[in-house]
Amino acid sequence: KTGYGAIILEGEKVIYEISGRLNKEEVQGTKQVAGELFATMESIKWCVNHSIKKVKLHYDYTGIEYWATGLWKANIPVTQKYKEFMQKSDLTIDWIKVKSHSGNKWNEKADQLARDAI
């Protein structure tokens, strides 16, 4: 079972929480990677739908930034879909890497949303 979770913030104020469960076809054997990618895409969709043009995207899995920016080659369908989606986005993204499972309040909350979804 794979879940995803993300939090949209304005400063320290929660604007929106995103979470859900992925099926086997969406995961394609990648488990947590698909959850991370899907949470990012759903967050980007939310921002676009709310006319947000610039975001600070906090993430704990390096692939989130590296596939989107082309630093890593997208070799499998789930990463290729993510890369294509991100390249079509017109958002300006400031990439901010956080350490996973380190007590970061919002990262822990996003992880909990993913767990609760499954």
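Along the sequence shown, residues are numbered consecutively beginning with 1. What you see is a predicted model, and the numbers here were worked out from it, not measured in a lab.
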- Message: Between Thr40 and Met86, does the side-chain contact (heavy atoms from CB on, under 4.5 Å) criterion hold? Intermediate values first, please.
- Response: CA-CA 9 Å; Thr40 303; Met86 293 301 287; 4.3 Å; yes
- Query: About how many Å separate CD of Gln28 and CG of Leu22, when rounded to the nearest 0.5 Å?
  - Reply: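 CD of Gln28 is found 10.5 Å from CG of Leu22.
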- Message: Working to the nearest 0.5 angstrom, can you tell me the gap between Lys53 NZ and Thr92 OG1?
- Response: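 If I round to the nearest 0.5 Å, the distance is 9.5 Å.
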Do you know the tightest heavy-atom contact between [X] and [Y]?
X: Ala117; Y: Ser19; result: CB-CB, 4.4 Å
X: Val27; Y: Thr30; result: O-OG1, 2.6 Å
X: Glu108; Y: Arg115; result: O-NH2, 4.4 Å
X: Lys1; Y: Ile118; result: O-CD1, 3.9 Å
X: Ala114; Y: Gly5; result: CB-N, 3.7 Å
X: Ile52; Y: Val55; result: CG2-CG1, 3.7 Å

Any non-hydrogen side-chain atom of [X] less than 4.5 Å from a side-chain atom of [Y]?
X: Ile96; Y: Leu57; answer: no
X: Phe38; Y: Val78; answer: no
X: Asp60; Y: Asp111; answer: yes
X: Ile44; Y: Leu91; answer: yes
X: Glu36; Y: Tyr4; answer: no
X: Gln32; Y: Thr2; answer: no
X: Leu9; Y: Val14; answer: yes
X: Ile18; Y: Leu113; answer: no

- Task: Give the C-alpha distance, both sets of side-chain angles, the deciding distance and a yes or no for side-chain contact (heavy atoms from CB on, under 4.5 Å) between Lys54 and Asp94.
- Result: CA-CA 8 Å; Lys54 184 174 182 176; Asp94 291 333; 3.4 Å; yes
Is a side-chain donor or acceptor of [X] paired with a backbone partner of [Y] at a separation under 3.5 angstrom?
X: Tyr82; Y: Ile64; result: yes
X: Gln80; Y: Ala74; result: yes
X: Ser89; Y: Phe85; result: no
X: Lys56; Y: Ile93; result: no
X: Glu26; Y: Asn23; result: yes

In the single-linkage hydrophobic clustering (I, L, V, M, F, W, Y; side-chain heavy atoms under 4.5 Å), do [X] and [Y] co-cluster?
X: Val33; Y: Leu71; answer: yes
X: Ile15; Y: Trp106; answer: no
X: Val98; Y: Leu37; answer: no

- Message: Suppose the criterion is side chain to side chain donor-acceptor pair (under 3.5 Å): which pairs have a residue in residues 64-73, not counting sequence neighbours?
- Response: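 Side chain to side chain donor-acceptor pair (under 3.5 Å) check on residues 64-73 returns Tyr59-Glu65.
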- Item | Distance-only side-chain donor-acceptor flag, Asp116 / Gln112, under 3.5 Å |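 On atom types as modelled, these side chains qualify, holding a pair under 3.5 Å.
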- Item | Test log, rule side-chain contact (heavy atoms from CB on, under 4.5 Å), inputs Lys97 and His58 | CA-CA 6 Å; Lys97 174 81 165 81; His58 296 251; over 6 Å; no
- Message: Is it the case that atom NZ in Lys45 sees more than 12 heavy atoms from other parts of the structure closer than 6.0 Å?
- Response: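 Atom NZ in Lys45 is crowded, with more than 12 foreign heavy atoms closer than 6.0 Å.
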